[in-house]
Amino acid sequence: MLTQREAQGAVRIMTRQDDETYVAEERDGSWFVLRDGQDVSLEAGKRLIDARAAGINL
């Protein structure tokens, strides 16, 4: 589960890296990252961890 800030940060990071369109969306109080309507939040979480390890702050 992602926070709003994490989901929005992941969208920025993933859009830059992949040149695809990602969307942060809230559903029932939880935040998700979507690509073409599919939940890619797990991948978004992994990318956030990698970004933090590389010193990139949200």
Side-chain angles (χ1 to χ4, degrees):
M1 184 158 63
L2 301 170
T3 66
Q4 178 182 6
R5 182 177 178 186
E6 289 170 335
Q8 291 172 340
V11 165
R12 286 191 299 273
I13 290 168
M14 294 172 78
T15 299
R16 281 187 222 137
Q17 291 176 347
D18 297 347
D19 198 32
E20 292 190 41
T21 302
Y22 293 89
V23 177
E25 183 176 297
E26 182 184 17
R27 294 182 184 171
D28 299 323
S30 297
W31 283 86
F32 298 88
V33 175
L34 306 174
R35 179 184 65 215
D36 297 327
Q38 299 296 314
D39 182 7
V40 293
S41 297
L42 181 59
E43 176 67 22
K46 290 177 184 177
R47 298 234 195 146
L48 284 172
I49 292 169
D50 292 342
R52 288 180 184 144
I56 298 171
N57 294 317
L58 301 177

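- Nearest heavy-atom pair across Leu2 and Ala44 is CD1-CB, 4.3 Å.
- Remark: Arg52 engages Glu6 in a salt bridge (charged side-chain N to carboxylate O under 4.0 Å, His left out) (not counting sequence neighbours).
- Asp18 is linked by a salt bridge (charged side-chain N to carboxylate O under 4.0 Å, His left out) to Arg47, counting only residues two or more places apart in sequence or in another chain.
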### Message
Please evaluate residues Met14 and Arg35 with respect to the criterion side chain to side chain contact (heavy atoms under 4.5 Å, CB included), reporting the C-alpha separation (whole Å), side-chain torsions for both, the decisive distance (0.1 Å), and the verdict.
### Response
CA-CA 10 Å; Met14 294 172 78; Arg35 179 184 65 215; 5.5 Å; no

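- Thr15 and Glu20 get closest at one heavy-atom pair: CG2-O, 3.4 Å.
- No side-chain donor-acceptor contact under 3.5 Å links Asp36 to the backbone of Gln38.
- Minimum interatomic distance between Trp31 and Ala7 (heavy atoms only, all atoms of both residues): CB-CB, 4.0 Å.
- Annotation for Leu48 and Ile13: closest pair CD2-CD1, 4.2 Å, computed over non-hydrogen atoms.
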### side chain to side chain contact (heavy atoms under 4.5 Å, CB included) evaluation trace for Leu34 with Asp39
CA-CA 5 Å; Leu34 306 174; Asp39 182 7; 4.2 Å; yes

